[in-house]
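For reference, positions follow the sequence shown, starting with 1. Model, not experiment: these values are computed from the prediction. Order of appearance sets the numbers: ligands from 1, and atoms from 1 within every ligand.
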Amino acid sequence: MSENPYQTYDARILEVKDLTSREKLFTLRFLDPEVGEKFEFRPGQFVIVDIRGFGEFPISICSSPTRKGYLQLCIRKAGRMTKFIHKMKEGDIIGIRGPYGNGFPMEEMEGSNLILVAGGLGMAPLRSVLWYAIDSGKYEHIWLLYGTKAYEDILFRDEIIHLLKHGEAMNCSVKLAYEVESPSCIYLERGFSDRVCRGVVTDLFRGEEFDVEKTYALICGPPVMYKFVIRELLDRKLSPGRIYMTLERRMRCGIGKCGHCIVGTSTSIKYVCKDGPVFTYWDALSTRGLI
Ligand SMILES: Cc1cc2nc3c(=O)[nH]c(=O)nc-3n(C[C@H](O)[C@H](O)[C@H](O)COP(=O)(O)OP(=O)(O)OC[C@H]3O[C@@H](n4cnc5c(N)ncnc54)[C@H](O)[C@@H]3O)c2cc1C
Ligand code: FES
């Protein structure tokens, strides 16, 4: 890869899949096979998508580094640029720069249990962790606690249902909470009464205990979710250093140059793009405005 951190590489859109009415999954491949081979990333890192002549925006990588030859981005239609990319089709070319950010410390967590707590679009970066952990087989057990608004909003629904059915054979237990009742949710709940419930993601902690010396929690979701999920984890005596969160801030350069994403005060400043977007709860306690 180039020494220039702003270098953008062309990638072809191989597939566009509707995940929900607001989110699409883009599968990409770099035009230059050498770039594709050298493009290494860890779960939790993000890229900057460059739509030529139009603008740039940051997006988490939602595929796992264990799945070679392509890159996947789950993109919610939010405003000007994401609306534009939602109109793009298979075969179109976009620019990609990165990967940026620290990502999750997957090596440090090897041999431990992982509790992934996802809310809404937070499922996107955690999907990369989920499949990395399953594919690598380097983790004791993986829990995915996923809170969604309604059945239609479940991201990667086929994968989630597959893991509800067959996850235990892959050392993975999935639990799902939904807020809006619908026949599909009731059907799911009947099939998996111990793992699917009406409620919010924190309801999925009910009855769960874990070995705090051998467990890490990884959280991603809307800002309001963090406080309540962290409370559940602290109540179970998980140490703040074992709680990892991935955060979003408005970003521009993605590499610690423009200052757009700075949080904290003069005694503890963090660049979310460079020092994060993954932080421990310890970091949050010592940095004002992080969560
Ligand atoms: C590290 C990182 C990873 C991200 N990963 C994903 C991802 O995997 N999938 C995804 O769909 N989006 C992700 N986002 C958010 C995404 O970057 C924004 O939705 C996008 O930049 C909006 O651009 P736009 O021109 O379409 O919207 P704009 O016209 O710029 O804004 C439209 C709306 O989106 C809100 N918005 C814009 N940027 C952000 C942001 N950074 N965080 C929260 N709200 C924002 C604005 O407040 C506004 O309400 C990520 C952001 C960061 C910083
Ligand atoms: S986005 Fe420019 S410093 Fe973080």
Side-chain angles (χ1 to χ4, degrees), residues 5-6 8 11 13 16-28 41-65 71-88 94-104 116 118-131 146 148-149 153-156 218-226 244-264 269-279 283 287 289-291:
Y6 291 104
T8 299
I13 300 176
V16 184
K17 191 176 164 194
D18 287 332
L19 292 178
T20 70
S21 59
R22 286 190 299 171
E23 283 97 5
K24 290 190 185 203
L25 179 67
F26 293 82
T27 304
L28 313 171
F41 66 94
R42 52 171 57 237
Q45 284 194 294
F46 65 95
V47 291
I48 303 268
V49 175
D50 177 10
I51 302 183
R52 297 289 151 75
F54 198 57
E56 296 188 321
F57 56 96
I59 293 290
S60 306
I61 303 172
C62 72
S63 49
S64 163
L71 196 66
Q72 286 180 317
L73 309 176
C74 164
I75 303 182
R76 173 176 288 178
K77 203 199 289 181
R80 207 171 69 93
M81 277 178 291
T82 46
K83 271 185 193 150
F84 190 89
I85 199 170
H86 266 234
K87 289 194 192 127
M88 295 182 87
I94 58 173
I96 293 288
R97 59 182 179 91
Y100 297 132
N102 53 0
F104 290 102
L116 314 182
L121 189 54
M123 190 58 222
L126 291 181
R127 176 183 180 246
S128 178
V129 178
L130 176 73
W131 286 110
Y146 181 19
T148 180
K149 195 103 197 144
D153 298 318
I154 302 174
L155 290 173
F156 312 106
L218 291 70
I219 315 171
C220 190
V224 63
M225 194 187 93
Y226 288 88
Y244 285 95
M245 311 164 295
T246 173
L247 305 179
E248 276 188 19
R249 284 293 186 283
R250 288 289 196 144
M251 288 182 189
R252 202 160 270 174
C253 68
I255 55 169
K257 299 282 185 215
C258 72
H260 235 72
C261 66
I262 286 180
V263 287
I269 277 188
K270 301 257 187 266
Y271 290 79
V272 177
C273 66
K274 186 166 67 90
D275 303 322
V278 174
F279 294 95
D283 297 321
T287 311
L290 203 56
I291 54 170

request  = Could you grab the distance from atom CE of Met88 to atom NZ of Lys24, nearest 0.5 Å is fine?
outcome  = 11.5 Å
request  = Show which atoms of ligand 1 fall inside a sub-4.0 Å distance from at least one heavy-atom site of Arg249.
outcome  = 41 (N), 53 (C)
Atom indices of ligand 1, in the order listed, that fall short of 4.0 Å to a heavy atom of Ile75 = 11 (O)
query = Tell me, do Asn102 and Phe279 make a side-chain contact under 4.5 Å, heavy atoms counted?
reply = no
message = Does atom CZ (Arg252) have a neighbourhood of more than 12 heavy atoms from anything else shown, all under 6.0 Å?
response = no
Closest protein heavy atom to atom 8 (O) of ligand 1, given as residue, atom name and distance to 0.1 Å = Ser60 N, 3.3 Å
task = Please indicate, with yes or no, if any protein heavy atom is found under 4.0 Å from atom 14 (N) of ligand 1?
result = yes
Side chains of Leu19 and Cys74 in contact at under 4.5 Å (non-hydrogen atoms) = yes
task = Please write down residue, atom name and distance for the protein heavy atom closest to atom 48 (C) of ligand 1.
result = Arg250 NH2, 4.0 Å
ask   = Does NZ or CZ of Arg80 lie under 6.0 Å from the centre of the six-membered ring of Phe54, at an angle within 45° of the ring axis?
value = yes
Options Ile48, Thr82, Leu155, ranked by nearest heavy atom to atom 26 (O) of ligand 1, top entry = Thr82
query = For ligand 2, which atoms sit closer than 4.0 Å to a heavy atom of Tyr271?
reply = 3 (S)
query = Do any of the N/O/S atoms of His260, backbone or side chain, fall under 2.8 Å from atom 2 (Fe) of ligand 2?
reply = no
note = Taking only non-hydrogen atoms of Arg252 and a 4.0 Å limit, the atoms of ligand 2 in range are 1 (S)
task = Would you mind finding which of Glu248, Lys24, Glu23, Lys83 brings a heavy atom closest to atom 52 (C) of ligand 1?
result = Glu248
query = Do you know the tightest heavy-atom contact between Tyr6 and Tyr100?
reply = CA-OH, 4.3 Å
remark   = For atom 25 (O) of ligand 1, the closest protein heavy atom turns out to be Met81 N, 2.9 Å
message = Restricting to N/O/S atoms, is Cys261 within less than 2.8 Å of atom 4 (Fe) of ligand 2 or not?
response = yes
inquiry  = Is there a side-chain contact between Arg97 and Asp50 in this structure, where contact means two heavy atoms from C-beta onward sitting under 4.5 Å apart?
reply    = no
query = In terms of atom number and element, which parts of ligand 2 are under 4.0 angstrom from non-hydrogen atoms of Lys257?
reply = 3 (S)
remark   = atom 21 (O) of ligand 1 has as its nearest protein heavy atom Phe57 CB, 3.4 Å
key: Flag, side chain of Ser60 to backbone of Cys62, donor-acceptor distance under 3.5 Å   = no
task = Go through Asp275 and Lys270 one step at a time and tell me if the salt bridge (Lys or Arg N to Asp or Glu O under 4.0 Å) criterion holds.
result = CA-CA 6 Å; Asp275 303 322; Lys270 301 257 187 266; 5.7 Å; no
query = Going by heavy atoms in the side chains, are Met123 and Leu130 under 4.5 Å from each other?
reply = yes
query = Where does Lys274 meet ligand 2, judged by heavy-atom distances below 4.0 Å: at the side chain, the backbone, both, or neither?
reply = neither
ask   = Checking Thr287 side chain against Leu290 main chain: does a donor-acceptor pair fall under 3.5 Å?
value = no
note = heavy-atom search around atom 34 (O) of ligand 1 in the protein gives Ala78 CB, 3.7 Å
task = Pick out which of Val16, Ile59, Val49, Leu73 makes a side-chain contact (heavy atoms from CB on, under 4.5 Å) with Ile85.
result = Val49
key: Nearest protein heavy atom under 4.0 Å from atom 3 (C) of ligand 1, yes or no   = yes
message = Given 3.5 Å as the limit, does a donor-acceptor pair link the side chain of Gln45 with the main chain of Gly101, or not?
response = yes
ask   = For ligand 1, does Arg76 get within less than 4.0 Å through its side chain, its backbone, both, or neither, judged by non-hydrogen atoms?
value = both
message = How far is atom 7 (C) of ligand 1 from the closest protein heavy atom, and which atom is that?
response = Cys74 O, 3.6 Å
inquiry  = As a check for students: among Cys258, Gly259, Gly256, identify the option with a heavy atom nearest to atom 2 (Fe) of ligand 2.
reply    = Cys258
ask   = Rounded to the nearest 0.5 Å, how far apart are CD of Glu56 and CE of Met251?
value = 13.0 Å
ask   = Counting only non-hydrogen atoms of the protein, does one fall under 4.0 Å from atom 44 (N) of ligand 1?
value = no
ask   = Can you tell me the protein heavy atom closest to atom 16 (C) of ligand 1 and the distance?
value = Pro58 O, 3.5 Å
Ligand 1-proximal atoms of Leu121, by part, heavy-atom distance under 4.0 Å = side chain
ask   = What protein heavy atom sits nearest atom 29 (O) of ligand 1, and how far off is it?
value = Arg80 N, 3.4 Å
Donor-acceptor contact below 3.5 Å, side chain Tyr226 vs main chain Leu247 = no
key: Option with minimal heavy-atom separation from atom 12 (N) of ligand 1, where the choices are Ile51, Val49, Ile59   = Ile59
